[in-house]
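See structure below.
Only this structure's heavy atoms are used, side chains among them; waters, hydrogens and symmetry mates stay out.
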Amino acid sequence: MQSSAEIRQSFLDFFKSKGHEIVPSSPLVPGNDPTLLFTNAGMVQFKDVFLGAEKRSYTRAVSSQRCVRAGGKHNDLDQVGYTARHHTFFEMLGNFSFGDYFKHDAIVYAWELLTEVWKLPKERLLVTIYHTDDEAFDIWHKVVGLPPERIIRIGDNKGAPYASDNFWQMADTGPCGPCTEIFYDHGAHIPGGPPGSPDEDGDRFIEIWNNVFMQFDRAADGTLTPLPAPCVDTGMGLERVSAVLQHVHSNYEIDLFQHLIKAAAALTGTADLENKSLRVIADHIRACAFLIVDGVLPSNEGRGYVLRRIIRRALRHGYMLGRKQPFFHQMVGPLIDMMGQAYPELAAKREFVEGALRKEEERFAETLENGMKLLESALKDDTSHAGGASKTVPGQIAFTLYDTYGFPVDLTADVAREHGWSVDMPGFEAEMEQQRERGRKGSQFENKASLSAEAIQQLPPTQFLGHGAPLYAADDLKLVGIVRGARLVDELGDGEEATLVLDRTPFYAESGGQVGDTGVLSTGYGRFLVRDTIKLAGTFHGHVGRWEGKTLRLGEALHGEIDAARRQATVLNHSATHLMHAALRQVLGTHVTQKGSLVAPDRLRFDFSHFQPVGADELRQIEDLVNAEIRRNAAADVRNMAYKDALDFGAMALFGEKYGEHVRVMKFGEFSTELCGGTHVGRTGDIGLFKILGESGVASGVRRIEAVTGAGALAFVREEERRLDEVAELLGSSAGDAADKLRQLFERQKRLERELESFKAKAAGAATAQLAETAVDLGGIRLVVARLDGLDAKGLREGVDQIKARLPDSIVLLAAGADGKVSLAAGVQGAALGKVKAGDLVGFVARQIGGKGGGRPDMAQGGGEDSPQLPRVLDEVRGWVEQQLA
């Protein structure tokens with residue numbers, strides 16, 4: 001029996017023997033692709049190749065791609081643990097043809113691998129095709145030899161053109177086409193019917209391979225445009241085919257999952273290896289670990305929120321198994337045992353992954369406790385439950401517990417049941433549906449600056465002229481495209497907005513965090529004001545702006561001039577970002593990776609992975625390291641090489657960036673080596689000065705540093721000097737003596753504050769002594785109610801304590817006003833405690849002056865507005881107390 005690892009390798013080796021290039025898996029976060037939440041199929045990294053916007057050195061490829069389907073259009077999260085084959089994370093085996101072979105070879109290769117290499121019984125295989133695809137039918141029947149009854153035509157199933165399981169599309173827009181799916185028959189002893197039948201949802205016939213024939217690009221309005229050349233995109237789940245080849249029915253029975261399930265059972269003390277919670281934990285550790293490896297960290301939005309949901313779902317199942325302490329991070333080791341050889345980056349980042357998971361586990365433990373407090377409060381509040389007299393936790397509260405506190409609804413139901421309550425499940429489901437709708441809308445990433453496949457085919461790639469010596473102007477720039485929306489137009493009138501595409505340009509297009517250039521494109525009869533330069537389809541530079549002048553037409557030669565001062569300032573900040581990234585890794589550790597950046601003319605902003613604030617001493621070390629490299633004045637060493645060679649050379653790839661086969665490496669001495677297509681200084685000394693402005697947190701596990709360089713850093717230092725001089729002038733000292741003078745003032749202030757507190761305490765003591773003498777006797781219990789202005793909350797508490805010390809059986813309420821607000825303090829002791837609670841007394845007063853309060857039965861505090869009603873309310877306290885004592 002082949003292991004999962006052997007099956008993965010045999011797939012790659014088979015297609016390598018057929019002339020395919022083995023391409024490594026791309027990250028789970030699609031590089032520079034705003035249309036996708038996660039990489040959800042093997043073809044994602046080849047999307048631009050299918051569109052014709054990118055060329056590779058090969059026309060045939062094979063890969064084993066890491067995929068996540070837990071958000072956006074493809075979301076299997078809710079099914080995981082309850083079915084035999086749904087996963088949040090899976091590996092998709094795929095072979096691809098880019099304008100090379102098409103349907104015939106794709107089908108023949110698939111049949112050869114399945115029946116001749118893997119020896120699957122031919123009689124157990126059947127296929128589906130798109131209902132109008134006669135070409136695919138003929139290949140399956142006449143070439144492969146499948147009988148017609150095992151070739152099933154699948155038509156439209158949603159009342160819209162091409163809305164079919166056998167017409168595949170990656171997302172609402174993008175490459176698509178008809179497909180043929182291959183199914184394995186597990187046997188008549190398993191319930192279920194063949195695809196297309198009423199019982200197709202059963203488990204007897206399982207799809208193991210989908211061959212997609214990419215022929216079209218779908219636009220947002222549904223229009224289908226033929227791709228430059230017909231392509232092939234296939235996908236086969238490693239887990240599914242492993243189950244077939246290992247002669248088991250469920251994916252969770254394969255070797256990979258069994259190892260993880262046993263590890264989860266050991267950590268949770270669970271004897272039943274069939275427990276669905278163990279399956280959930282085994283599945284979720286793969287998605288969570290690889291998402292963190294690929295730069296995603298738990299947060300409250302976007303990809304980080306999906307990761308948080310997956311982690312907490314795993315922890316919920318651990319809780320159901322009785323595991324209350326952190327355990328999930330300990331699943332990383334067993335995962336490395338099974339997948340570390342195929343994906344060495346998993347082992348390399350083990351410590352970081354475990355740390356991220358453990359921190360989230362600890363965070364969830366805190367929210368779990370807070371969620372319990374909210375639920376217990378709801379169970380005590382008979383006025384807020386749903387359904388009138390019935391004791392039902394409202395669906396909105398159950399949803400808040402689930403959504404805000406990560407509280408599973410079944411746990412809410414268990415706690416409610418213990419109190420004789422139930423949960424309004426229809427209300428909860430209604431809230432969940434609203435959230436799903438919000439999620440569906442939020443996951444529809446939109447690329448507003450886009451080109452149709454037709455437009456891409458018509459345009460030559462833009463040549464960027466700015467990677468050599470600094471170039472701020474250029475002539476004879478040919479206008480090859482005028483883009484309005486996603487379409488090409490032939491001309492542009494006065495005052496019209498558009499995006500211009502040139503055959504070559506000195507304007508840098510925004511990417512890698514560096515902002516796009518601004519400037520002017522001109523002719524003898526008008527000018528185009530460029531307010532931004534962007535990347536279109538990853539290949540073309542789009543100059544965004546407005547035309548002023550006579551009609552501009554395609555083919556015109558333009559003179560381009562960028563804003564040189566703006567570019568020069570941007571360049572300093574970009575090079576400094578590279579140096580700071582290296583310094584961060586030296587000072588904080590190699591777990592630091594870029595999470596985002598902004599390189600603008602006025603400043604740089606750098607987001608990075610780190611789980612705690614960066615201390616002042618660490619910031620100084622980072623600043624000192626960068627400035628030392630600036631003074632070293634190392635020359636920029638720029639090299640162009642193959643991507644793999646660049647990584648071997650020591651270059652660091654950045655989070656969220658997409659790299660082609662050949663890359664540009666930027667090296668500054670022995671300090672920093674990164675892949676980068678941006679513009680940089682010739683020597684580090686050109687940066688001049690680097691100054692950190694501040695450090696902050698932007699998400700869980702993500703920190704941000706903002707800094708300035710060059711003239712910006714000098715301006716910052718001068719402003720700091722100006723402020724210091726202003727402080728020194730106010731203190732009547734020199735700048736050098738300002739700190740000592742200020743320290744003396746603070747010491748004097750503290751001494752005066754202590755003296756003031758002493759005077760206040762003496763005054764309060766005298767006042768409370770007098771108040772104790774005026775106490776009203778209510779049947780042996782003494783009542784004191786008074787307003788003592790000039791005391792703060794602490795003084796009020798001390799006043800109450802002093803009166804109580806003089807009156808053993810007493811009730812005391814004191815009020816003090818300042819700045820339109822009133823503070824309240826109450827104390828109850830002795831015989832009065834059995835009938836009067838201090839919190840109730842404070843609440844009685846506070847509610848009538850627009851405030852609130854509470855505390856222990858013997859001591860409580862509160863406050864409200866300094867209302868004209870306060871004297872009346874204080875007068876009514878005696879009557880309220882008498883009612884309580886009655």
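Annotation: F11 is not in aromatic contact with H20 [ring centroid separation under 6.0 Å not met]. The aromatic ring centres of F167 and H131 sit 6.0 Å or more apart.
I336 approaches A347 most closely through the heavy-atom pair CD1-CA, 3.8 Å. Across every non-hydrogen atom of Y508 and S511, the tightest pair is OH-OG, 3.0 Å. Smallest separation of non-hydrogen atoms from D133 and I129: O-CD1, 3.5 Å. Between T462 and H541, the shortest heavy-atom contact is OG1-N, 3.1 Å. Across S242 and I254, no two heavy atoms sit closer than the pair C-CG2, 3.8 Å. Closest approach of P230 to F102, counting heavy atoms only: CB-CE1, 3.4 Å.
Residues meeting the side chain to side chain contact (heavy atoms under 4.5 Å, CB included) test with A5, sequence neighbours left out: S3, R8. Here Q258 pairs with I261, K262 under the side chain to side chain contact (heavy atoms under 4.5 Å, CB included) rule; sequence neighbours left out. Applying the salt bridge (Lys or Arg N to Asp or Glu O under 4.0 Å) criterion to R153, with sequence neighbours excluded, gives D134. Partners of S25 according to the side chain to side chain contact (heavy atoms under 4.5 Å, CB included) rule, which considers only residues two or more places apart in sequence or in another chain, are Q65, R66, Y343. When the side chain to side chain contact (heavy atoms under 4.5 Å, CB included) test is applied to R240, the partners found at least two apart in sequence or on another chain are R85, I206, E207, N251.
Using a 4.0 Å cut-off between a side-chain N of Lys or Arg and a carboxylate O of Asp or Glu, E112 and K18 qualify as a salt bridge.
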Go through the steps to decide whether T679 and Q514 satisfy the test side-chain hydrogen bond (donor to acceptor under 3.5 Å, both in side chains), and finish with yes or no. CA-CA 9 Å; T679 56; Q514 181 175 334; 2.8 Å; yes
Step-by-step side-chain contact (heavy atoms from CB on, under 4.5 Å) determination, S609 to L297: CA-CA 8 Å; S609 53; L297 289 171; 4.0 Å; yes
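For N166 (side chain) and C179 (main-chain N/O), a donor-acceptor pair under 3.5 Å exists by modelled atom type. Looking only at distances, no side-chain donor or acceptor of E253 sits under 3.5 Å from a matching main-chain atom of Q246. Although no hydrogens or angles enter the test, the distance criterion places a donor-acceptor pair under 3.5 Å between the side chain of K119 and the main chain of E116.
Between atom CZ of residue F608 and atom NE2 of residue H581 there is a gap of 9.5 Å, rounded to the nearest 0.5 Å. Taken to the nearest 0.5 Å, the CD1 atom of I152 stands 11.5 Å off from the CZ atom of F137. To the nearest 0.5 Å, the span separating CZ on F290 from CG on L307 amounts to 13.5 Å. One finds the NE2 atom of H86 at 9.5 Å from the CZ atom of R69 (value rounded to the nearest 0.5 Å). Between atom OG1 of residue T180 and atom CD1 of residue I139 there is a gap of 9.0 Å, rounded to the nearest 0.5 Å. The distance from atom CG of N211 to atom CH2 of W168, rounded to the nearest 0.5 Å, is 12.5 Å.
By the 30° and 60° cut-offs, the orientation of the rings of H87 relative to F257 is parallel.
The 12-atom threshold is exceeded at CD of E345, counting heavy atoms of other residues, nucleotides or ligands nearer than 6.0 Å.
Among pairs with a residue in residues 219-249, those fulfilling ring pair (Phe, Tyr, Trp, His ring centres under 6.0 Å) read H186-H249, at least two apart in sequence or across chains.
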